[in-house]
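Quick notes on the structure that follows.
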Amino acid sequence: MEPSQIVEALWDRMQARDWEGLGELLADDLVVEWPVSGERIVGRDNFVRINAEYPEGWSIRVLRIVADGEAVVSEVEVPHDAMGVHRVASFWSVRDGKIVGGREYWTELRTDPSPEWRAGYVERM
């Protein structure tokens, strides 16, 4: 598979709760960073378990995937029944058919208030 297809499969397998299949896409020594929460996930098994144990009620909608060689960026929307709608911008590194690293920026929609001084320059979404 091409790197973009591997990242697409990552999101498909998460949505399907196919944890074994998810693990097949990841390098053993995978490192994923979540700068917003200040966390680093080291190892395939830890990444799979964090996702498998996340409280149910969520779904995944891939908005876009853009690739440049082994670098793949995905933008995904993750609505959750109880926790609201989240968006994630993920920057993945793929080598030899496996995801070896990532940096993900998770945020909940509309939780970062717009300062009043920008009101004249923006439209509300």
Side-chain angles (χ1 to χ4, degrees):
M1 283 192 287
E2 292 294 316
S4 62
Q5 294 170 313
I6 291 169
V7 170
E8 185 175 2
L10 169 120
W11 293 114
D12 288 345
R13 292 177 189 187
M14 277 196 208
Q15 175 62 37
R17 280 48 168 189
D18 176 5
W19 307 121
E20 184 177 333
L22 174 63
E24 293 170 357
L25 301 171
L26 309 173
D28 290 340
D29 58 350
L30 169 77
V31 175
V32 176
E33 296 177 341
W34 289 346
V36 175
S37 60
E39 297 171 286
R40 178 177 293 120
I41 305 159
V42 179
R44 173 183 56 214
D45 294 340
N46 288 334
F47 186 77
V48 170
R49 291 313 322 148
I50 282 175
N51 286 286
E53 293 179 22
Y54 196 84
E56 270 302 330
W58 54 271
S59 60
I60 291 174
R61 185 170 73 110
V62 176
L63 302 174
R64 76 177 101 188
I65 295 175
V66 179
D68 183 9
E70 295 179 328
V72 182
V73 177
S74 60
E75 180 185 7
V76 176
E77 186 171 88
V78 184
H80 190 282
D81 293 341
M83 294 187 230
V85 179
H86 290 79
R87 285 269 175 92
V88 58
S90 304
F91 300 82
W92 303 106
S93 297
V94 180
R95 258 183 242 114
D96 300 322
K98 301 276 186 183
I99 297 171
V100 297
R103 179 172 283 208
E104 296 190 294
Y105 294 90
W106 286 84
T107 186
E108 186 176 354
L109 292 184
R110 294 174 191 71
T111 59
D112 186 13
S114 175
E116 190 58 41
W117 69 265
R118 287 198 308 236
Y121 308 107
V122 301
E123 294 178 1
R124 294 280 177 211
M125 298 179 9

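These numbers were taken from a predicted model, which means no experiment stands behind them.
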Might you confirm whether atom [atom1] of [X] has over 12 heavy atoms from other residues, nucleotides or ligands at distances under 6.0 Å?
X: E56; atom1: CD; result: yes
X: R118; atom1: CZ; result: yes
X: E108; atom1: CD; result: yes

**Report entry** Trace of the side-chain contact (heavy atoms from CB on, under 4.5 Å) decision for E77 with L109
**Finding:** CA-CA 10 Å; E77 186 171 88; L109 292 184; 4.1 Å; yes

For [X] and [Y], which heavy atoms make the closest approach, and how far apart are they?
X: F47; Y: I41; value: N-CG2, 3.5 Å
X: K98; Y: E24; value: NZ-O, 2.6 Å
X: S114; Y: R124; value: CB-NH1, 3.0 Å
X: V72; Y: S4; value: CG2-N, 3.9 Å
X: R44; Y: A27; value: CB-O, 3.4 Å

**Report entry** Partner of L22 by side chain to side chain contact (heavy atoms under 4.5 Å, CB included), out of D12, I99, L10
**Finding:** L10

Report task. Could you tell me whether R17 sits above the aromatic face of W58, with NZ or CZ closer than 6.0 angstrom to the six-membered ring centre and within 45 degrees of the axis? Result -> yes

Query raised in the report: How far apart are the C-alpha atoms of Y54 and M14, what are their side-chain angles, what is the distance that settles it, and do they pass the side-chain contact (heavy atoms from CB on, under 4.5 Å) test?
Result: CA-CA 11 Å; Y54 196 84; M14 277 196 208; over 6 Å; no

Query raised in the report: Heavy atoms, side chains only, cut-off 4.5 Å: are L30 and V100 in contact?
Result: no

Query raised in the report: What's the verdict on side-chain contact (heavy atoms from CB on, under 4.5 Å) for W92 and E104, showing C-alpha distance, side-chain angles and the deciding distance?
Result: CA-CA 8 Å; W92 303 106; E104 296 190 294; 3.3 Å; yes

Query raised in the report: Side chain of E75, backbone of L63: donor and acceptor closer than 3.5 Å?
Result: no

Query raised in the report: Side chain of H80, backbone of P55: donor and acceptor closer than 3.5 Å?
Result: yes

